[in-house]
Amino acid sequence: MVDALVLNDVRKSYGNREAVHGISLTVKEGEIFGLIGHNGAGKTTTLRMISTLLNITSGTISVYGYDVATEPGKVREIISYLPEDAGAYKDLTGRAYLEFIAGFFASGKERDAMVEKGMRLADLGDRIDSKVDTYSKGMMRRLLIARAIMPSPKLAIMDEVTSGLDVINAFEIREIIREIARSGVTVVMSSHNMFEVDMLCDRVGVIDGGNLILLGTPGELKERYGADTLEEVFVKAVKNA
Amino acid sequence: MSHITNIISKELKELLTPGSVISVVLMVVLFAGLGGMIDSEIEKAQAFPELCVVNEDASIIEFTDADGTYTWSISSFLEDLYTSSGIPEDELSDYIRLVDSDSIDEAYAIMDEEGIGSALFVDPDFSKDIVSGTRGVVEQIYVYEPTGMFGTVSSSVVSSVMSMINEDLSKRLLGTQIDMTDYGFLTEPIDYNGDNVKTIVNGKVVSGITPQEIAGEVSSQTMMIPIIIMIIIMMVGSLVISSMGSEKENKTLETLLTLPIKRTSIVAGKIIAAAIVGLVYGLAYMVGMSIYMNSLTGTMSSGLNLEDLGLTLSVGDYALVMLSMFLSIICALGICMILGAFAKNYKSAQTMTMPLSIMAMIPMFIVMFSGWYGSGALIQAVTFAIPFSHPMMAMQALMYDDVTLVLSGIAYMVVFAVATILITVKLYNSDILITGLGQNKTVQKLTGRK
Ligand SMILES: Nc1ncnc2c1ncn2[C@@H]1O[C@H](COP(=O)(O)OP(=O)(O)OP(=O)(O)O)[C@@H](O)[C@H]1O
Ligand SMILES: [Mg+2]
């Protein structure tokens with residue numbers, strides 16, 4: 001299988017403080033990879049470097065063979081990044097927002113088809129024609145997931161996608177993620193919900209204080225720590241680190 | 001602490017940020033500086049002007065009263081007037097310049113050569129006329145200098161000096177020519193108004209118009225431009241900065257920056273959209289203003305036609321003014337894109353517009369009060385360096401055919417706009433848009449923070 005994402009000794013400093021201390025990992029095509037770690041561990045920083053938003057202080061990241069630092073344009077064509085707590089343009093309706101984004105990827109009929117797909121994914125009913133500033137958190141998140149998946153990226157990067165959502169919304173979003181992975185899209189996501197990561201992710205990386213301290217499938221990790229849940233693994237790993 | 005003081009102190013902490021305090025202090029300094037500038041402009045204008053008296057000999061008249069015979073002349077009256085108001089006798093020649101010539105054309109040439117702004121030309125038959133009981137003619141000649149609001153006060157000082165001369169002569173005539181009964185002549189022995197006022201505009205001599213009237217007409221036609229430009233720049237600027245602030249607040253910027261679009265397209269798209277809005281605002285204001293102006297001039301026009309003075313703009317000139325305006329909007333937007341890159345959210349974006357507003361106000365005041373042509377080298381340098389000055393000055397400059405100033409302003413703005421856009425694109429390629437200023441290494445070095 002192709003390597004969708006390769007991080008090689010990636011470091012990031014904010015000013016003089018290093019927030020990520022040399023992370024190396026590889027994600028295969030079609031995999032769902034979960035990043036876990038407590039608040040401030042460096043998950044968002046890592047995801048932003050993968051998404052071409054932050055300059056990498058040292059080390060390299062490649063996405064489907066394209067170097068993030070030297071070929072950001074190529075990388076942006078095949079990724080989709082969903083920031084944590086993201087919003088949309090308040091004055092637009094959901095449909096107009098999807099049309100706006102689709103305009104960067106396609107034109108004419110193709111664009112219309114992309115918007116159709118986005119509306120199906122968002123599944124907001126007639127509220128798709130309401131202004132987004134009237135949306136609830138769950139509705140907004142569905143719209144943004146739809147926006148991220150609609151252009152059929154090869155790598156989807158999602159920062160805490162289900163945080164703050166109700167059971168049904170979270171469940172449906174997990175279903176969508178599973179479905180796109182089955183169709184060959186690689187997913188890298190962060191989450192604080194160990195149950196979700198356990199169920200959804202093919203492999204998991206645990207970040208603590210900017211270091212990658214654990215890497216493996218949820219099954220492997222549970223076995224290694226003799227734990228029943230990923231939560232237990234996480235607590236033990238972080239305490240030992 | 002009661003609940004209300006708790007809330008008040010929290011709100012104050014939020015509102016009194018270093019940024020807002022600094023901008024208020026800047027405003028105070030700016031206005032104080034302007035006050036000083038206006039003061040000195042008025043003083044300069046109201047002091048006794050440098051005056052050239054041409055054909056002084058023609059004004060010498062002999063009077064005989066109880067004490068005997070003495071002579072009177074315009075220059076001797078002026079010398080008395082100037083010395084009695086505190087000008088030392090050895091400096092008099094700096095103020096009153098006597099030229100012996102009975103040709104008015106020579107007078108123009110001398111004024112032009114020596115940069116003298118006002119002159120009195122005494123008619124060769126002046127004393128003969130006075131003695132024979134007809135009104136003597138003295139022509140007031142001015143060179144029209146394009147300055148700001150107060151620059152032309154000196155011409156009114158000269159005409160009041162002229163009326164003092166008239167009054168003095170009238171007194172002497174009333175005291176000596178007891179047999180004369182033509183009181184019209186006795187009270188107004190000098191004919192110095194009406195067509196005897198001559199103003200040299202752009203090298204052309206026009207009669208019956210004072211520089212003040214011209215300045216009034218020019219400024220009524222061009223005065224609104226600096227104000228309109230200032231309003232547009234502030235408005236468009238705050239549009240762009242707030243849009244950046246809210247893009248950051250909603251993290252739409254983060255999304256935008258990971259889409260397959262060039263940074264230059266994002267920057268250019270934002271700038272062009274705001275520039276279009278700015279131009280629409282600008283045109284709307286201009287149309288509104290010109291309707292307002294037209295309805296005013298209908299009732300209180302000075303009857304002065306600037307076209308006759310050669311002070312008009314061709315279609316090409318208007319195109320230059322529009323180009324200058326458009327470029328200044330682009331420059332403003334470039335500055336705003338840079339400022340906006342540092343705005344953390346919608347609220348901090350609001351204070352970010354302050355530097356821009358100040359930059360727009362400085363040239364507006366300078367252009368309105370002292371004018372480009374009336375300012376010293378330092379103020380001219382400051383004015384030129386602020387891109388928004390150029391459209392504010394363009395219309396007046398073109399009226400005086402100063403195309404060089406307008407074109408060099410346009411060239412400067414092009415360079416300025418390109419520079420700001422390059423800086424913006426650079427910022428868009430850096431972390432600053434995502435992380436803000438706090439973590440920037442150079443900023444940390446500058447503020448000594450670790
Ligand atoms: N803009 C920034 N400037 C300075 N330090 C930052 C900045 N962004 C993040 N950091 C620091 O980098 C470290 C990692 O932050 P990051 O946001 O990546 O954590 P995270 O794992 O996403 O946390 P959370 O689960 O709370 O979202 C933290 O110590 C944080 O304080
Ligand atoms: Mg985070």
Side-chain angles (χ1 to χ4, degrees), chain A residues 12-19 44-45 47-57 63 66 68-69 71-92 97 100-106 132-133 140 143-144 147-148 150-151 153 155-159, chain B residues 239-240 242-270 272-274 277 340-347 349 425-450:
Chain A
K12 177 68 194 176
S13 300
Y14 291 111
N16 298 325
R17 225 184 43 241
E18 196 172 79
T44 300
T45 303
L47 296 182
R48 278 175 170 171
M49 284 191 286
I50 298 171
S51 318
T52 75
L53 283 174
L54 290 180
N55 294 315
I56 304 161
T57 306
V63 176
Y66 296 118
V68 168
E71 300 164 287
K74 291 275 185 216
V75 173
R76 286 176 198 132
E77 281 172 20
I78 53 174
I79 64 164
S80 213
Y81 172 60
L82 184 56
E84 61 181 313
D85 303 324
Y89 298 101
K90 289 185 178 140
D91 292 331
L92 297 184
Y97 178 66
F100 170 71
I101 297 289
F104 294 115
F105 292 92
V132 299
D133 63 350
M140 177 66 94
L143 179 72
L144 293 175
R147 175 238 102 195
M150 157 185 91
L155 172 66
I157 303 148
M158 301 181 171
D159 203 355
Chain B
L239 272 182
V240 168
S242 321
S243 121
M244 289 289 290
S246 67
E247 285 238 22
K248 285 195 182 182
E249 199 162 294
N250 300 322
K251 302 219 173 158
T252 45
L253 189 63
E254 242 171 272
T255 306
L256 203 57
L257 292 175
T258 58
L259 294 176
I261 340 163
K262 289 206 185 74
R263 294 329 197 212
T264 38
S265 308
I266 302 178
V267 174
K270 281 182 175 291
I272 292 171
V277 174
F342 298 107
K344 283 197 285 284
N345 48 40
Y346 192 78
K347 195 166 177 181
V425 171
K426 205 160 175 210
L427 285 176
Y428 267 65
N429 279 317
S430 74
D431 288 357
I432 281 180
L433 235 41
I434 307 295
T435 61
L437 250 194
Q439 300 322 120
N440 189 290
K441 275 185 190 149
T442 45
V443 171
Q444 284 189 338
K445 254 183 234 146
L446 287 175
T447 55
R449 261 191 300 149
K450 271 261 163 86

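Chain A is the first sequence line, chain B the second, and so forth, proteins listed ahead of strands; every chain is numbered from 1.
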With respect to chain B, which residue among A:P153, A:P72, A:A88 yields the maximal number of heavy-atom pairs within a distance under 4.5 Å? A:A88
Test of understanding: with side chain to side chain donor-acceptor pair (under 3.5 Å), list the residues that count as partners of A:R147, not counting sequence neighbours. none
Polar side-chain atom of B:K251 near backbone of A:E84 as donor-acceptor pair, under 3.5 Å: yes
Who wins among B:N429, B:T252, B:L257 for the most heavy-atom pairs under 4.5 Å with chain A? B:T252
Would B:D431 and A:K12 pass as an ion pair if we require N to O under 4.0 Å? yes
Would you mind telling me which of A:G87, A:A148, A:P151 has the largest number of heavy-atom pairs within less than 4.5 Å of chain B? A:G87
Which atoms of B:L256 approach chain A - backbone, side chain, both or neither, heavy atom under 4.5 Å: side chain
Do the side chains of B:M244 and B:L433 get nearer than 4.5 Å, heavy atoms only? yes
Is A:I101 close to chain B through its backbone or its side chain, or both, or neither, when contacts mean heavy atoms under 4.5 Å? side chain
Let me know if A:K90 has heavy atoms under 4.5 Å from chain B in its side chain, its backbone, both or neither. side chain
Hey, what do you get for CD1 (B:I266) to CG (B:L259), rounding to the nearest 0.5 Å? 7.5 Å
Are A:M49 and A:V68 packed together at the side-chain level, in the sense that at least one heavy-atom pair is separated by less than 4.5 angstrom? no
Of B:T258, B:I261, B:T255, the largest count of non-hydrogen pairs under 4.5 angstrom with chain A goes to B:T258
